[in-house]
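None of the values given here were measured: they were computed from a predicted structure.
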2 protein chains.
Amino acid sequence: MSLTANAQPDSREGRKRDLIIQAALKVFAEHGLHGTAVPPIAAEAGVGVGTLYRYFDSKEALINAVFQDTKQQLQDALLTDLDLMNPSRSLFDALWARLTRFARNNPEGFQFLEMQDHHSYLTADSRHREQALLIPLGMMVIIGQRTGLLSDDMKPDLAIALFWGAFVGVFKAERLGYLTLSDDDLKRARDACWLAIVNHDSKDKTP
Amino acid sequence: MSLTANAQPDSREGRKRDLIIQAALKVFAEHGLHGTAVPPIAAEAGVGVGTLYRYFDSKEALINAVFQDTKQQLQDALLTDLDLMNPSRSLFDALWARLTRFARNNPEGFQFLEMQDHHSYLTADSRHREQALLIPLGMMVIIGQRTGLLSDDMKPDLAIALFWGAFVGVFKAERLGYLTLSDDDLKRARDACWLAIVNHDSKDKTP
DNA sequence: ATTTACGGAATGAATATTCATTCTGCCATT
DNA sequence: AATGGCAGAATGAATATTCATTCCGTAAAT
């Protein structure tokens with residue numbers, strides 16, 4: 001039998017595959033993609049190098065597996081059981097809370113996804129996975145603008161980039177030691193981001 | 001003789017040194033630090049590898065030279081002839097305009113400074129250079145909060161991280177092709193960022 | 001003529017990948 | 001139940017490649 005596609009997450013093979021992906025994520029996040037050799041990944045996973053190459057054709061394939069796996073986790077953490085098509089302040093708060101939880105529970109994954117240098121490694125498949133998260137968010141913003149909740153000054157993609165960048169910037173500052181983030185700080189940051197995108201025309205909206 | 005310190009920027013040696021730094025910046029921005037070998041840098045600069053090593057003791061020394069040079073350029077572009085100690089909306093606009101100009105004129109430098117993986121390479125000297133930009137900005141925010149111009153909900157460092165992250169996020173989105181930024185878009189983004197940090201209650205307090 | 005700068009092949013260390021061999025668990029046979 | 005045999009999983013030393021750095025013959029400058 002072959003492992004062309006993906007094994008079940010619970011099967012023995014799937015478990016070991018997952019183990020390696022998690023180990024790789026950890027080492028990649030710490031040393032960067034070019035900066036980490038393959039043997040240390042195997043060591044971190046507690047398997048032999050040869051074993052790693054049984055599960056992944058190449059370092060590049062491993063990188064893409066880590067990327068897709070982590071991106072999927074982020075997407076699940078953000079979107080599961082959340083109705084993006086009814087934007088509101090509380091939906092925004094919920095999204096912020098989920099994003100925060102992801103960054104806190106999986107700091108290595110969060111950092112990995114923001115690294116610049118994997119973009120030259122990514123396959124079309126991986127790039128496609130990227131869209132699966134961006135598109136729903138874009139639709140949410142569009143609806144929010146239509147209903148008058150959000151300012152329609154900015155194009156949706158710009159609003160998302162602004163918000164996402166701010167969030168990433170805050171956590172990056174913490175990681176680099178420029179900042180420590182209390183829960184209260186995060187709430188204030190959230191409220192500031194909301195002010196940046198909400199519709200300020202006090203015309204009719206806002207119950 | 002040795003090149004311990006720095007040659008004059010206009011001397012022959014200074015020119016070639018600069019040439020190599022600019023070439024290195026370009027290749028680093030494209031392939032990352034670990035991802036670029038030294039010979040391609042020499043090729044980009046149009047010099048031999050041996051020549052490069054006449055000017056820089058090691059790849060690490062070159063990286064730090066690129067970092068310090070670029071950071072200095074950013075600092076000059078932002079702070080020269082600007083009175084940070086009198087915050088106002090127009091000062092904010094001026095800062096935004098200068099930041100935008102830097103990102104547009106020197107996209108590789110801007111990207112390089114935001115890369116994650118140079119932090120393991122940087123010498124104490126380089127890290128020190130980082131503070132030279134952050135500290136004045138922090139003071140500006142503190143004064144802005146004291147005078148009631150900026151919201152004092154957030155600690156200064158948080159406000160800076162938020163703003164800086166948003167700016168970086170917007171330009172990163174453009175670089176990755178998720179977005180194209182017209183001058184108008186940049187103005188709208190600027191105004192949104194201002195809303196995130198400005199003081200909203202004109203006189204009364206609402207905690 | 002002597003010194004200095006230069007280029008790029010040469011060198012050795014580090015790295016990605018392979019492969020011959022050893023384990024491991026499972027099943028058929030007794 | 002005990003044994004022998006077997007498929008495929010695991011391993012890490014061996015190989016091929018890439019990289020940072022050095023060395024040396026040549027050109028330019030003085």
Side-chain angles (χ1 to χ4, degrees), chain A residues 1-25 27-28 30-67 117-118 120-123, chain B residues 1-4 6-8 10-25 27-28 30-67 117-118 120-123:
Chain A
M1 65 163 264
S2 73
L3 291 175
T4 52
N6 47 3
Q8 310 305 329
D10 310 328
S11 72
R12 253 185 60 243
E13 286 184 341
R15 283 204 178 288
K16 187 150 285 193
R17 198 186 132 95
D18 247 35
L19 184 72
I20 296 172
I21 286 181
Q22 283 312 112
L25 172 60
V27 189
F28 281 149
E30 187 166 351
H31 296 98
L33 296 183
H34 297 282
T36 76
V38 174
I41 297 173
E44 174 73 32
V47 304
V49 211
T51 307
L52 189 151
Y53 274 92
R54 284 188 56 76
Y55 290 89
F56 302 95
D57 286 344
S58 64
K59 185 181 179 182
E60 184 179 334
L62 174 59
I63 289 171
N64 275 278
V66 172
F67 180 86
D117 51 349
H118 47 41
S120 57
Y121 278 115
L122 299 187
T123 63
Chain B
M1 60 152 270
S2 72
L3 293 173
T4 50
N6 46 4
Q8 310 306 329
D10 307 330
S11 72
R12 252 189 63 244
E13 285 184 343
R15 283 202 181 290
K16 186 152 287 189
R17 197 185 134 95
D18 247 37
L19 183 71
I20 294 172
I21 286 181
Q22 284 311 113
L25 172 61
V27 189
F28 282 149
E30 187 166 352
H31 295 97
L33 296 183
H34 296 282
T36 77
V38 174
I41 297 174
E44 174 73 33
V47 304
V49 214
T51 306
L52 188 151
Y53 273 91
R54 282 190 58 75
Y55 289 89
F56 301 95
D57 287 344
S58 63
K59 183 182 181 181
E60 184 178 334
L62 174 58
I63 289 170
N64 276 277
V66 172
F67 180 86
D117 51 348
H118 46 40
S120 57
Y121 278 114
L122 298 187
T123 63

Which heavy atom of B:Ile41 sits nearest a heavy atom of B:Thr36, and at what distance? CD1-OG1, 4.1 Å
Give a yes or no on this: more than 12 heavy atoms of other residues, nucleotides or ligands lie within 6.0 Å of atom CD of B:Glu44. yes
Qualifying residues under ring pair (Phe, Tyr, Trp, His ring centres under 6.0 Å), relative to A:Phe67, sequence neighbours excluded: A:His118
For A:Phe56 and D:dA10, what is the distance between atoms CZ and P respectively, to the nearest whole Å? 12 Å
Below 4.5 Å, heavy atoms only, C-beta onward: do B:Tyr55 and B:Ile21 meet side chain to side chain? no
Specify the separation, in whole Å, of atom CZ of B:Arg54 and atom P of D:dA27. 17 Å
Of A:Leu33 and B:Val49, the one whose closest nucleotide on DNA chain C sits nearer the 5' end is B:Val49
Take atom CD1 of A:Ile20 and atom P of D:dA9, then tell me their distance rounded to the nearest Å. 13 Å
Taking atom C1' of C:dA16 as reference, at what distance in whole Å does atom OH of A:Tyr121 sit? 11 Å
Name the nucleic acid region contacted by B:Gly46, choosing base, sugar-phosphate or nothing; use a 4.0 angstrom heavy-atom cut-off, strictly under. sugar-phosphate
Is the phosphate of D:dG12 approached by A:Tyr53 (side-chain N or O, under 4.0 Å from OP1 or OP2)? no
Which atom pair, heavy atoms only, marks the closest approach of B:His34 to A:His34? CB-CB, 3.2 Å
Taking only the side-chain nitrogens and oxygens of B:Thr51, find out if one of them lies under 4.0 Å from OP1 or OP2 of C:dA5. no
Whole-Å distance between D:dA9 C1' and A:Arg17 CZ? 16 Å
A:Lys16 side chain near D:dA10 phosphate (N/O to OP1/OP2, under 4.0 Å): yes
Nucleotide D:dC19, atom C1' - distance to NE2 of B:His31 in whole Å: 15 Å
Listed nucleotide nearest any side-chain atom of B:Ser58, set D:dA10, D:dT11, D:dT21: D:dT21
Assign each of B:Lys59 and B:Gly50 to its nearest nucleotide of DNA chain D by heavy atoms, then name whichever residue's nucleotide is nearer the 5' end. B:Lys59
For atom NE2 of B:His34 and atom P of D:dC19, their distance in whole Å: 13 Å
Starting at CD1 of A:Ile41 and ending at C1' of C:dT17, how long is that distance when rounded to a whole Å? 13 Å
